[in-house]
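Reminder, nothing fancy here: chain letters follow the sequence lines and each chain counts from 1.
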There are 2 protein chains.
Amino acid sequence: MESKPTIQDVANLANVSIATVSRVINNQGGVRKVTEERILKAIEELGYIRSAAARTMKLKETNTIGVIVPDIKNPFFPQVMAGIEQKAREKEYFTILSSTNESPKIEEEIVKNFIERGVDGVIITTANEEGDHLKLLEDQGIPVVAVDRSIKKLEVDTVLVDNKKGTYQAIQHLILQGHEKIAIICGPLNTTPGLDRYLGYQQALEDYKIALDERYVIQGDFGEQSGYRCTKKLFELEERPTAIFSSNNMMTIGCVKALEDLNWRLGSEVSFIGFDDVDIATFLNPKLSVVARPMNSIGEIAFLLLHERISLKGHLPKREYLLTPELKIRQSCRLVNPAL
Amino acid sequence: MESKPTIQDVANLANVSIATVSRVINNQGGVRKVTEERILKAIEELGYIRSAAARTMKLKETNTIGVIVPDIKNPFFPQVMAGIEQKAREKEYFTILSSTNESPKIEEEIVKNFIERGVDGVIITTANEEGDHLKLLEDQGIPVVAVDRSIKKLEVDTVLVDNKKGTYQAIQHLILQGHEKIAIICGPLNTTPGLDRYLGYQQALEDYKIALDERYVIQGDFGEQSGYRCTKKLFELEERPTAIFSSNNMMTIGCVKALEDLNWRLGSEVSFIGFDDVDIATFLNPKLSVVARPMNSIGEIAFLLLHERISLKGHLPKREYLLTPELKIRQSCRLVNPAL
DNA sequence: CCTCAAAATGTAAACGTTTAGATTTTTTTG
DNA sequence: CAAAAAAATCTAAACGTTTACATTTTGAGG
């Protein structure tokens, strides 16, 4: 366990200069076969692994991108991450992931840490869409791609799904099934997904001339707990909704738990559609209808956008991808029950 | 977007030497108040952020640990990760995560990359328990903690749950409910969890004098697909089992899907217990009985062990943590149906 | 066997920190 | 107020790469 071998050690052992070793390591050619073999053998023998730190210092690039998500336990993000990693690996980029727990303060620390480490770019679902705390990245000229939530104060590429449209279609579907008392469990309205999903809801009601009833608009925070709580509140209304729309996967889970506990019968007594597909969707009886997003693609696109920006240092205009989500109708939404 | 400011720029602006700036950055004291303030102002003004690369190069430490998991989409790992991150943050360590997709080849690449980056330690659930490809870490003197799967050829700290005991209890429970035709969907037997869970099954049958029936031992690969496939095979037996034990979460999901599709009625026609709690467990009707693990704790312990080793460079003996899983009986296992 | 171009290899500087040890400044003390 | 001690600050080297440029080696052609 001597101190790690350096390029110098390799050079000594192979009886060449460090420049030659460097050439071999980086496959730059212009080295005689025999020399190369001698060097390779020395590397093998010493167990030499080059130091990324030293390399970065000279080259000012790390071939690394940083990914920041608000909650690693929300399955949406690992899925997106898988898409990112896949594309990144193809381009020989390396990915580092950190989770903020929805805390802008932790997010800022992470950003700073990423900058210290010299990431070449960042993909982020920010905990605070205002984005003041992300100015640092801009200052350093580090490309950023926003995923799922946009960033107000930063001109960056963005990959979103059409939250409004997806929700609109879901609500429309419910309306066409005769529902008029449709509740929405909202996400935080200061986030893009939270707000846009609410706007889709609003729009659908408006288009179909259904008055928006404040009692049916209820505020969650994208967490499972809040889905549970909100559902309970809806249940306690003297005039219960006949359909519920939940704004994200975690709240859907809470909601379904509540329905179960309250013995509020899914499908028959209350129809349901949730944003984002969830594992449980097809296990429940009845199966859950959902607005599904192509999570893997979101990750892939995000990386591709970022990679473009990293390679073409030039100034590209801000780009925005808007993927269309898919309404998957299963059995949790039914014609409104005339008996109610 | 000039090139990034360095400590030298700060020093110039504040009219001091770089040594003094360094002292301020690292809170080493011995700097006059006024000087410190001048320096702080300069840092602020320039937006200076120190280069981790340069720092690492000098100090040979990164305050970073690497985490390697086989499948980031399996919710078990994000949960463990959350535990790791939490403790790591407390100790001012930073975490980088990579997923191997169960490929030892990718795993080796990742390891190499981690070493290049100079991680101070590694927490890993390896894709190949033989561990030959992990020798590199040992050579470099980088502490390693194995989680969930042990590593044969490496003397490293290990955090496991008592897979055998957990499974034993589950099978025992089924036996005490009168089941004799109990099937197990195994994980790969060349992994600790796969093998130990099988051994627990075997042991329980033996202790209760039930002959092991090869037809009921069926080989999966921890993937959802295989859970589905295996369940189907069991269904096709002329003498179907009256109970099924699934060796992990993903296979449980596949299994439940299959039961549904086959219209093989959970609880009444076939009892079920799965290893690892899953989101869907409490949504199903009947609710799934499971062997649950304290995932967050696993992560916390793993980090603590690693941290100890990083700080106390000395040679500690290999340590092994064996957490006890908890059998959660819900409604998916019932007294054997005498009608069958 | 000499010349010369091409190929291979070597030299040395630079990247941005930290820090031991040298030097300067400030404070204390008689 | 000078000398000594203490505190603050500075100088310079080192960390392990990459690479422009310099030097040496090789081999072809005469």
Side-chain angles (χ1 to χ4, degrees), chain A residues 2-40 42-43 46-64 112-120 140-141, chain B residues 2-40 42-43 46-64 112-113 115-120 140:
Chain A
E2 322 294 313
S3 70
K4 300 185 190 173
T6 75
I7 198 172
Q8 186 60 257
D9 299 324
V10 176
N12 292 152
L13 184 57
N15 232 304
V16 293
S17 77
I18 57 172
T20 309
V21 177
S22 178
R23 262 175 226 119
V24 170
I25 294 172
N26 297 297
N27 283 311
Q28 294 176 316
V31 176
R32 259 198 301 197
K33 201 79 180 219
V34 288
T35 322
E36 172 161 3
E37 271 160 16
R38 200 149 27 95
I39 292 174
L40 255 19
I43 289 177
L46 293 171
Y48 166 76
I49 293 187
R50 80 169 160 212
S51 148
R55 177 165 222 267
T56 294
M57 193 160 152
K58 193 90 226 313
L59 263 37
K60 284 125 171 294
E61 63 169 45
T62 53
N63 265 51
T64 301
K112 196 157 160 227
N113 192 293
F114 276 9
I115 295 176
E116 282 191 4
R117 301 178 121 71
V119 294
D120 298 337
Q140 306 276 331
Chain B
E2 321 294 313
S3 72
K4 299 184 191 173
T6 74
I7 198 173
Q8 186 61 257
D9 299 324
V10 175
N12 292 152
L13 184 58
N15 233 305
V16 294
S17 77
I18 57 172
T20 309
V21 177
S22 178
R23 257 174 234 118
V24 170
I25 294 172
N26 297 297
N27 283 311
Q28 294 177 315
V31 176
R32 261 195 301 195
K33 200 78 179 220
V34 289
T35 321
E36 172 161 4
E37 272 161 15
R38 200 149 28 95
I39 292 174
L40 255 19
I43 289 177
L46 293 171
Y48 167 76
I49 294 187
R50 81 169 158 210
S51 148
R55 177 164 221 267
T56 294
M57 192 160 153
K58 194 91 225 316
L59 263 37
K60 284 129 173 292
E61 63 170 45
T62 54
N63 265 50
T64 300
K112 195 156 161 231
N113 193 292
I115 295 176
E116 282 191 4
R117 300 179 123 70
V119 294
D120 298 337
Q140 306 277 330

Nearest heavy-atom contact between B:Ile25 and B:Ile7 is CD1-CD1, 4.0 Å
Return the minimal non-hydrogen interatomic distance between A:Ala54 and B:Met57, and the atom names on each side.
->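 That would be CA-SD, 3.7 Å.
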Calculate the interatomic distance between [X] atom [atom1] and [N] atom [atom2]; express it in whole Å.
X        : N      : atom1 : atom2 : value
B:Ile39  : D:dT9  : CD1   : C1'   : 10 Å
A:Glu116 : C:dT18 : CD    : P     : 10 Å
B:Asn15  : D:dA8  : CG    : C1'   : 15 Å
A:Glu61  : C:dC15 : CD    : C1'   : 14 Å
B:Asn12  : D:dT11 : CG    : P     : 11 Å
A:Glu36  : C:dA7  : CD    : C1'   : 15 Å
B:Asp9   : C:dG16 : CG    : C1'   : 10 Å
B:Leu59  : D:dC15 : CG    : C1'   : 10 Å

So, the side chain of B:Asp120 versus the backbone of B:Thr62: is there a donor-acceptor pair under 3.5 Å, distance only?
-> yes
Report yes or no: does A:Arg38 contribute a side-chain atom to a donor-acceptor pair with the main-chain N or O of A:Ala14 at less than 3.5 Å?
->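 Yes; at least one donor-acceptor contact below 3.5 Å.
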Which is true for [X] with a 4.0 Å heavy-atom rule: it touches a base, it touches only sugar-phosphate, or it touches nothing?
X       : value
B:Gln28 : sugar-phosphate
B:Ser51 : sugar-phosphate
A:Arg23 : base
B:Thr6  : sugar-phosphate
A:Ile18 : base

Nucleotide of [options] approaching [X] most closely (side-chain heavy atoms):
X       : options                : value
A:Ala19 : D:dT19, D:dC15, C:dT18 : D:dT19
B:Asn26 : C:dT18, D:dC10, C:dC15 : C:dT18
B:Val16 : D:dT17, D:dC10, D:dC15 : D:dC10
A:Lys58 : C:dT11, D:dT17, C:dT17 : D:dT17

With a cut-off of less than 4.0 Å, is there a side-chain N or O of [X] near OP1 or OP2 of [N]?
X       : N      : value
A:Ser22 : D:dT17 : no
B:Arg55 : C:dT18 : yes
B:Lys60 : D:dG16 : yes

Between B:Arg32 and B:Met57, whichever has its closest DNA chain C nucleotide further toward 5' is B:Met57
Could you say whether B:Thr35 or A:Ile49 is positioned toward the 5' end of DNA chain D, judged by the nucleotide with the nearest heavy atom to each?
-> B:Thr35
Does a donor on one side chain and an acceptor on the other come within less than 3.5 Å for B:Asn26 and B:Arg50?
-> yes
Member of B:Val21, B:Val24, B:Thr20 meeting the side-chain contact (heavy atoms from CB on, under 4.5 Å) criterion with B:Glu36 = B:Val24
